[in-house]
Colleague: 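Let me give you the structure first, and then I'll get to my questions.
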Amino acid sequence: MARPRTAPRMVEHPDLSQVSLQQVLEALVDPVRRSVVAQLAGEGADLSCGSFVTSVSLSTLTHHFNVLREAGVIRQYYVGTAKMNALRTDEMDERFPGLLPAVLEALAAEAADAT
């Protein structure tokens, strides 16, 4: 007997026209969330939730993903059982031109200064 098909798991994402600059900046103020953004940008590909290198627990990291998603910075989707994460680079650049590149450039400069 065939198993009934279940609907694919979906993740809700905000329309960026409804996201304020304040909300994005508050999402990016946290160093763990900035690290997530930097890892996504540096990898140049989408990453599963378990692929990130951070100093926080998985449950805390889940909170950080939610903040970034609700601020429109990342898009999450499922591939099988893995929840994938992607930067909404083009959409963010359309809504807040130059913001993500400026944040990433500042992160790179901070990392270079630290070494």
Colleague: Which atom pair, heavy atoms only, marks the closest approach of Phe96 to Val19?
Modeller: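 Minimum heavy-atom contact is CZ-O, 3.5 Å.
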Colleague: Calculate, to the nearest 0.5 Å, the distance between atoms CZ and OG1 belonging to Arg75 and Thr89 respectively.
Modeller: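 Atom-to-atom, Arg75:CZ and Thr89:OG1 are 11.5 Å apart.
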Colleague: Is it possible for you to say whether Leu87 and Leu21 belong to one hydrophobic cluster, with membership spreading through side-chain heavy-atom contacts below 4.5 Å?
Modeller: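 Both belong to a single hydrophobic cluster.
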Colleague: So with a 6.0 Å cut-off around CG of Asp15, is the heavy-atom count from everything else above 12?
Modeller: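 Enclosed.
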Colleague: Would you kindly confirm whether Met92 and Leu104 end up in one hydrophobic cluster when ILVMFWY residues are joined by side chain heavy atoms under 4.5 Å apart?
Modeller: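 Yes, it is one cluster - the side chains of Met92 and Leu104 are joined through contacts under 4.5 Å.
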Colleague: Considering the options Glu12, His13, Gln76, His64, which one meets the side chain to side chain donor-acceptor pair (under 3.5 Å) requirement together with Arg69?
Modeller: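 Only one option passes, and that is Gln76.
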Colleague: Please tell me if the side chains of Val36 and Leu68 come closer than 4.5 Å, counting only heavy atoms from C-beta onward.
Modeller: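 They are in contact (side-chain heavy atoms under 4.5 Å apart), so the answer is yes.
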Colleague: Do Ile74 and Leu47 sit in the same hydrophobic cluster, where Ile, Leu, Val, Met, Phe, Trp and Tyr count as joined when their side-chain heavy atoms come under 4.5 Å apart?
Modeller: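 They do share one cluster, since a chain of ILVMFWY contacts under 4.5 Å joins Ile74 to Leu47.
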Colleague: With sequence neighbours excluded, tell me which residues meet ring-ring contact (aromatic ring centres under 6.0 Å, His included) with Phe65.
Modeller: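 Phe65 satisfies ring-ring contact (aromatic ring centres under 6.0 Å, His included) with Phe52 once adjacent residues are dropped.
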Colleague: Give, for atom CD of Glu110 and atom CG of Leu107, the distance between the pair rounded to the nearest 0.5 Å.
Modeller: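 It comes to 6.0 Å.
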Colleague: How about Ser20 and Glu26: do any of their side-chain heavy atoms sit closer than 4.5 Å?
Modeller: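 A side-chain contact under 4.5 Å is absent here.
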Colleague: Side chains of Leu16 and Glu94: does their closest heavy-atom pair fall under 4.5 Å?
Modeller: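 Contact flag for Leu16/Glu94 side chains = no.
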Colleague: Locate the shortest heavy-atom distance separating Gln23 from Glu70; write the atom from each residue and the value.
Modeller: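 Between these two residues, the closest heavy atoms are NE2-O, 3.0 Å.
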Colleague: Can you check whether Gln39 reaches Ser35 side chain to side chain, under 4.5 Å on heavy atoms?
Modeller: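 Heavy-atom side-chain distance check passes, below 4.5 Å.
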Colleague: I'd like to check Arg95 versus Gln18 (side-chain heavy atoms, cut-off strictly below 4.5 Å). Are they in contact?
Modeller: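 The answer is no; the side chains never approach within 4.5 Å.
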Colleague: Do Leu61 and Tyr77 share a hydrophobic cluster (ILVMFWY, side-chain heavy atoms under 4.5 Å, transitive)?
Modeller: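 No, Leu61 does not connect to Tyr77 through the hydrophobic network.
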Colleague: Where do Ala27 and Ala71 come nearest, in terms of heavy atoms and distance?
Modeller: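 Heavy-atom minimum between the residues: CB-CB, 3.6 Å.
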Colleague: Run through Asp93, Val73, Leu25 and flag the one making a side-chain contact (heavy atoms from CB on, under 4.5 Å) with Leu99.
Modeller: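 Only one option passes, and that is Leu25.
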